[in-house]
Asker: 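Here it is: the structure, laid out below.
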Amino acid sequence: MFKSILLSVAAAMMLATPLVDAACSTTALSCSSSASTNTCCSPKYGLVVLVQQWVPGYGPSDAFTLHGLWPDACSGAYAPSSGCDSSRVYTNVESIVESYGPSSLYSDMQTYWPSDAESNNDFWSHEWSKHGTCVSTLAPTCYGSSYTQYEDVIDYLTKVLALRAQYDLYTALANAKITPGGSYTYTAMQNAIKAAFGVTAKIDCSSGTLTDIEINFNVKGTSTYVPVNTTGSTCSGTVKYPSK
């Protein structure tokens with residue numbers, strides 16, 4: 001499993017970096033004065049939300065699973081609910097991954113991005129069509145003549161998995177002796193995440209039980225994600241962290 005994670009991270013470093021104009025800055029930061037007006041160089045939706053969920057019965061007992069990676073406007077407003085490119089709305093993302101992705105991608109998605117409400121294919125197709133198409137730096141035109149069919153889909157999914165591995169919430173909490181099966185203060189959980197990643201996360205609960213954790217990012221260049229503080233947690237007081 002660990003080898004699979006490393007392969008995903010390595011793949012994301014090679015992928016998720018479309019061929020853009022040579023004049024694109026590698027240091028321009030989305031949602032700042034340095035952001036480029038060229039949406040191939042800086043994302044149009046420059047506040048990006050990584051949502052990881054804790055759902056008993058789904059995914060490894062020692063890992064959060066993915067809900068998705070959601071590009072938002074810098075104001076925090078959502079991107080269009082129907083996605084950003086109707087020509088790239090697909091209903092067969094599972095078969096796209098199997099046919100066009102690297103050998104490890106499909107197994108990693110099954111492990112770390114399982115659906116808890118519908119088929120994996122429907123879930124992944126929704127996440128790509130609604131959110132992936134709004135990553136403007138992955139538009140096919142940004143790749144130039146080198147673009148190959150579904151390259152944008154594979155790059156998006158690979159990047160999301162790599163971010164999940166990089167921002168490993170289970171390990172961040174475990175390092176602070178916060179492990180499944182117990183109850184902990186919201187403050188302790190927040191402090192553990194901040195110690196690991198340097199930012200405040202949005203921690204969500206349902207009836208006092210942990211459900212999701214969000215980390216927000218701005219994007220430097222086309223594909224370097226820089227974490228920023230996130231507000232709006234719905235957890236407070238004591239938080240139940242159930243075993244899977």
Side-chain angles (χ1 to χ4, degrees), residues 8 11-12 15-16 18 39 43-60 63-73 76-102 104-140 142 147-165 167 169 202 204 206 210-217 219 223 225 230 232 234 244:
S8 289
L15 298 171
T39 58
K44 178 179 180 180
Y45 294 97
L47 178 66
V48 185
V49 182
L50 177 69
V51 186
Q52 299 184 59
Q53 53 191 4
W54 187 262
V55 184
Y58 293 87
F64 280 70
T65 57
L66 287 161
H67 192 166
L69 185 71
W70 306 339
D72 290 345
Y78 297 144
S81 60
S82 58
C84 295
D85 185 349
S86 60
S87 71
R88 292 187 293 145
V89 170
Y90 304 129
T91 59
N92 62 328
V93 165
E94 183 172 22
S95 63
I96 289 172
V97 171
E98 288 186 280
S99 299
Y100 294 87
S104 62
L105 181 59
Y106 183 59
S107 62
D108 284 351
M109 290 189 67
Q110 289 180 304
T111 300
Y112 298 111
W113 208 337
S115 174
D116 64 346
E118 56 193 337
S119 71
N120 282 343
N121 177 66
D122 287 348
F123 183 32
W124 299 339
S125 296
H126 169 80
E127 290 300 308
W128 160 255
S129 297
K130 180 177 180 179
H131 302 294
T133 61
C134 290
V135 182
S136 67
T137 55
L138 293 179
C142 297
Y147 175 75
T148 58
Q149 188 177 29
Y150 303 128
E151 187 174 4
D152 47 341
V153 180
I154 300 305
D155 283 357
Y156 170 74
L157 300 175
T158 301
K159 185 66 175 183
V160 182
L161 283 161
L163 286 170
R164 190 218 64 83
Y167 292 87
L169 294 171
K202 180 176 183 287
D204 288 334
S206 175
L210 177 67
T211 57
D212 301 271
I213 299 179
E214 301 179 12
I215 297 178
N216 284 3
F217 300 85
V219 183
S223 58
Y225 284 64
T230 311
T234 60
K244 284 193 177 182

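Quick caveat: nothing in here was measured; it's all calculated off a predicted structure. Throughout, numbering of the chain's residues begins at 1 and tracks the sequence.
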Asker: Would you confirm whether Lys202, through its side chain, and Ile213, through its main-chain N or O, come within 3.5 Å as a donor-acceptor pair?
Answerer: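 Between the backbone of Ile213 and the side chain of Lys202 there is no qualifying donor-acceptor contact (under 3.5 Å).
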Asker: Does Trp113 use its side chain to pair, donor to acceptor, with the backbone of His67 at less than 3.5 Å?
Answerer: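 At least one qualifying donor-acceptor pair exists.
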Asker: Have Asp204 and Thr234 got a donor and an acceptor in their side chains that come within less than 3.5 Å?
Answerer: yes
Asker: Might you point out which heavy atoms bring Pro71 and Tyr45 nearest each other, and give the distance in Å?
Answerer: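 Smallest heavy-atom distance, with atoms named: CB-CB, 3.7 Å.
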Asker: Take the angle between the ring planes of His126 and His131 and call it parallel below 30°, perpendicular above 60°, tilted in between.
Answerer: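 Rings of His126 and His131: perpendicular, as their planes differ by over 60°.
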Asker: Test your reading of the model: is there a side-chain donor-acceptor pair from Thr39 to the backbone of Lys44, 3.5 Å cut-off?
Answerer: no
Asker: Of the non-hydrogen atoms in Ala63 and Trp54, which two are nearest, and what is the gap between them?
Answerer: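 Closest approach of Ala63 to Trp54, heavy atoms only: O-CZ3, 3.5 Å.
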Asker: Begin with the C-alpha distance, continue with both residues' side-chain angles, and end with the deciding distance and a verdict on side chain to side chain contact (heavy atoms under 4.5 Å, CB included) for Asp155 and Glu151.
Answerer: CA-CA 6 Å; Asp155 283 357; Glu151 187 174 4; 4.0 Å; yes
Asker: Is the shortest heavy-atom distance from the side chain of Ser223 to the side chain of Thr137 under 4.5 Å?
Answerer: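 In short, these two side chains do not touch, never coming nearer than 4.5 Å.
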Asker: Only one of Leu47, Leu50, Val48, Asp72 clears side-chain contact (heavy atoms from CB on, under 4.5 Å) with Asn216; which?
Answerer: Leu47
Asker: Mind checking whether Phe123 and Val93 have side chains closer than 4.5 Å, heavy atoms only?
Answerer: no
Asker: Would you find a donor on one side and an acceptor on the other, under 3.5 Å apart, between the side chain of Ser95 and the backbone of Asn92?
Answerer: yes
Asker: Let's go through Trp128 and Thr133 carefully: what are the C-alpha distance in whole Å and the side-chain angles of both, what is the deciding distance for side chain to side chain contact (heavy atoms under 4.5 Å, CB included) to 0.1 Å, and is it a yes or a no?
Answerer: CA-CA 6 Å; Trp128 160 255; Thr133 61; 3.7 Å; yes
Asker: Compare all side-chain heavy atoms of Met109 with those of Leu157 and state whether any distance is below 4.5 angstrom.
Answerer: yes
Asker: Between Ser107 (side chain only) and Ser104 (backbone N and O only), is there a donor and an acceptor less than 3.5 Å apart?
Answerer: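 At least one qualifying donor-acceptor pair exists.
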Asker: Going by the rule ring-ring contact (aromatic ring centres under 6.0 Å, His included), which residues pair with Tyr58 if we only count those two or more places apart in sequence or in a different chain?
Answerer: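 Not a single residue meets the ring-ring contact (aromatic ring centres under 6.0 Å, His included) criterion with Tyr58.
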Asker: About how many Å separate CD of Glu98 and OH of Tyr106, when rounded to the nearest 0.5 Å?
Answerer: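 CD of Glu98 is found 4.0 Å from OH of Tyr106.
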Asker: For Gln53 and Leu66, what are the C-alpha separation, side-chain angles and deciding distance, and is it a side chain to side chain contact (heavy atoms under 4.5 Å, CB included)?
Answerer: CA-CA 6 Å; Gln53 53 191 4; Leu66 287 161; over 6 Å; no
Asker: For side chain to side chain contact (heavy atoms under 4.5 Å, CB included), just list the numbers for Val51 and Trp70, CA-CA rounded to whole Å, side-chain angles, deciding distance to a tenth of an Å, and then say yes or no.
Answerer: CA-CA 8 Å; Val51 186; Trp70 306 339; 3.5 Å; yes
Asker: How long is the gap from CG on Leu105 to CD1 on Ile96, to the nearest 0.5 Å?
Answerer: 11.5 Å
Asker: Could you tell me whether the side chain of Ile215 reaches within less than 4.5 Å of the side chain of Leu169, counting heavy atoms only?
Answerer: yes
Asker: Is Asp152 close to Tyr147 at the side-chain level, that is, under 4.5 Å between some pair of heavy atoms?
Answerer: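 Heavy-atom side-chain distance check passes, below 4.5 Å.
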Asker: Does some side-chain heavy atom of Tyr112 sit less than 4.5 Å from a side-chain heavy atom of Leu161?
Answerer: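 SC-SC contact between Leu161 and Tyr112 confirmed.
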Asker: State the CG-CD distance between Asp212 and Glu214, to the nearest 0.5 angstrom.
Answerer: 6.5 Å
Asker: What pairs of residues pass the salt bridge (Lys or Arg N to Asp or Glu O under 4.0 Å) test when at least one of them lies in residues 109-127, not counting sequence neighbours?
Answerer: none
Asker: Atom CZ in Phe217, atom OH in Tyr167: separation rounded to 0.5 Å?
Answerer: 4.5 Å
Asker: Quick one: pull up CZ in Arg164 and CG in Leu69 and give me the separation to the nearest 0.5 Å.
Answerer: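 CG of Leu69 is found 13.5 Å from CZ of Arg164.
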Asker: Return the orientation label for the Tyr90 and Tyr150 ring planes: parallel under 30°, perpendicular over 60°, tilted otherwise.
Answerer: perpendicular
Asker: Taking only distance into account, with no hydrogens and no angle test, what donor-acceptor pairs under 3.5 Å do side-chain atoms of residues 77-86 form with protein atoms, sequence neighbours excluded?
Answerer:
from	atom 1	to	atom 2	distance (Å)
Asp85	OD1	Ser87	N	3.0
Asp85	OD1	Ser87	OG	2.6
Asp85	OD2	Ser87	OG	3.4
Asp85	OD2	Arg88	NE	2.8

Asker: For a 4.5 angstrom cut-off between non-hydrogen side-chain atoms, does Thr65 reach Gln52?
Answerer: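 No, every pair of side-chain atoms sits at 4.5 Å or beyond.
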